[in-house]
Amino acid sequence: MPELPEVESVVRQLAPRLRGRRLREVELLDPRLRRADFRPALGGTVERVIRIGKQVEIRLRETRGCGNIRLLCHLRMTGRLVWLARDETPRETRHLRARLRFDGGELLFIDPRRFGTLRFVPEGCEAPAAGLEPLSRACTPVRLSGLLARSRQELKPWLLRQDRLVGIGNIYASEIAFRARLHPRRTAGSLRPEEVRRLHQAVRSVLRRAIRFGGTTFSDFADVSGRSGRFYAMLAVYDREGRLCRRCRTPIVRFVQQQRSTYCCPRCQPLRRLGMLVASSRARETR
DNA sequence: ATTATATCCTGATCGC
DNA sequence: TGCGATCAGGATATAA
């Protein structure tokens with residue numbers, strides 16, 4: 001479910017509700033989460049809530065001299081963070097995996113499939129290097145070109161790699177390839193400068209637009225207050241197999257790459273350059 | 001070194 | 001209606 005735009009939407013809603021609140025109690029209900037050592041975080045005050053790749057980071061300022069603590073939550077496939085103000089009752093407590101009680105309310109971590117993670121990381125214990133933030137200033141066409149260089153991976157699987165660009169998942173990978181008018185099976189390292197520019201533009205515009213619409217609800221994404229994202233209706237190719245391309249009316253096709261669905265418009269996203277198609281059909285005619 | 005596959009889970013949906 | 005098979009938006013460890 002949650003890719004960069006969905007996590008960004010969650011973070012934007014969570015930040016004003018959490019900022020300045022003090023963490024009072026943590027209850028881990030899923031044994032898979034029990035390894036998280038939250039004790040140093042207790043009593044800490046929320047300084048800021050930001051997104052890092054697909055993760056939510058809640059930074060707590062520590063009061064007992066233990067240093068600041070970063071609470072990192074990865075929602076994976078089905079995780080949700082739900083803010084519950086004091087006196088509000090949760091509408092859905094099934095699959096509740098953790099509750100974090102703050103002054104004035106609590107944060108519920110709900111995750112049916114239990115792939116999600118919660119970690120309490122002392123500031124300074126930095127994670128290993130991750131990929132580039134696609135919406136940051138550092139993400140330029142030149143930088144993207146460098147990341148793509150020499151990769152023999154197919155473009156769409158390449159877009160899913162979190163060690164290159166962070167935040168792109170299966171839905172937006174297809175959407176981005178369509179927007180860039182690049183076939184998902186193109187070899188990532190084979191893009192010409194003009195195509196890299198289109199990809200760069202597509203990555204940023206698709207993600208920004210999805211954020212504007214509050215993310216995509218596929219089956220079970222919901223934001224902090226339980227509302228669903230409005231980007232689903234805007235999808236150009238994802239989950240639209242057999243429906244007509246919004247741009248050229250050709251039926252959208254679905255195929256599988258690395259065991260995951262890929263959607264594209266075979267006409268807007270030709271695998272070979274148009275000139276080559278013309279050339280090969282001419283060759284056929286002359287034969 | 002890169003890239004592909006199996007795996008962690010549960011719930012929803014599909015075909016019989 | 002019931003039942004098993006299949007699929008789902010992520011990421012990592014292991015294999016090729």
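Proteins get letters first, then strands, A, B, ... in listed order; numbering begins at 1 in each.
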**Prompt:** Between Leu4(A) and Tyr172(A), is any pair of side-chain heavy atoms under 4.5 Å apart?
**Reply:** no
**Item:** Straight-line distance of His95(A) NE2 to Arg114(A) CZ, nearest 0.5 Å
**Value:** 10.0 Å
Using nucleotides 11-13 of chain B, report all nitrogen or oxygen pairs with the protein that are shorter than 3.5 Å.
from: dG11(B); atom 1: OP1; to: His95(A); atom 2: NE2; distance (Å): 2.7

**Interatomic distance, Arg76(A) CZ vs dC9(B) P [rounded to whole Å]** = 12 Å
**Request:** To the nearest Å, give me how far apart CG (Leu159(A)) and P (dG10(C)) are.
**Result:** 12 Å
**Request:** Between dA11(C) and dA12(B), how far apart are the C1' atoms? Round to whole Å, please.
**Result:** 23 Å
**Prompt:** What integer distance in Å separates Lys156(A):NZ from dA4(B):C1'?
**Reply:** 14 Å
**Message:** Nearest 0.5 Å, please: how far is CZ in Arg51(A) from CG in Leu135(A)?
**Reply:** 6.5 Å
**Request:** Could you grab the distance from atom SG of Cys73(A) to atom CD1 of Ile52(A), nearest 0.5 Å is fine?
**Result:** 12.0 Å
**Prompt:** For atom P, what is the distance between dT14(C) and dC9(B), given to the nearest Å?
**Reply:** 15 Å
**Separation of Leu160(A) CG from Leu155(A) CG (nearest 0.5 Å)** = 9.5 Å
**Aromatic stack Phe115(A)/dG10(C): centroid gap under 5.5 Å, interplanar angle under 30°** = yes
Report, one line per pair, each donor and acceptor closer than 3.5 Å where one atom sits in a side chain of residues 143-152 of chain A; sequence neighbours left out.
from: Ser151(A); atom 1: OG; to: Gln153(A); atom 2: N; distance (Å): 3.2

**Distance, nearest 0.5 Å, that separates CZ of Arg186(A) from CZ of Arg192(A)** = 6.5 Å
**Asked** Between Arg48(A) and Glu57(A), is there a salt bridge with N-O shorter than 4.0 Å?
**Response** yes
**Request:** May I ask you to say what Arg164(A) touches in the nucleic acid, namely base, sugar-phosphate or nothing, with a heavy-atom cut-off under 4.0 Å?
**Result:** nothing
**Prompt:** Just wondering, are more than 12 heavy atoms of other shown residues or ligands nearer than 6.0 Å to CZ in Arg24(A)?
**Reply:** yes
**Prompt:** Would you say the side chain of Arg113(A) and the base of dA8(C) hold a donor-acceptor pair, judged only by whether the two atoms sit under 3.5 Å apart?
**Reply:** yes
**Request:** With sequence neighbours excluded, give me every ring-ring contact (aromatic ring centres under 6.0 Å, His included) pair touching residues 143-168 of chain A.
**Result:** none
**Message:** Tell me which residues in residues 142-152 of chain A lie within less than 4.0 Å of DNA chain B, going by non-hydrogen atoms.
**Reply:** Ser151(A), Arg152(A)
**Item:** Separation of atom CG in Asp163(A) from atom C1' in dA1(B), rounded to whole Å
**Value:** 12 Å
**Asked** With pairs taken as Watson-Crick or G-U wobble and both distances under 3.5 angstrom, which stems of at least three consecutive pairs involve DNA chain C?
**Response** B:2-8 with C:10-16, B:10-16 with C:2-8
**Request:** Starting at atom CD of Gln259(A), determine the distance to atom P of dC8(B), rounded to an integer number of angstrom.
**Result:** 14 Å
**Rounded distance (Å) that lies between atom P of dG10(C) and atom CD of Gln258(A)** = 12 Å
Could you tabulate the donor-acceptor pairs under 3.5 Å formed by side-chain atoms of residues 176-185 of chain A, not counting sequence neighbours?
from: His183(A); atom 1: ND1; to: Arg185(A); atom 2: N; distance (Å): 2.9

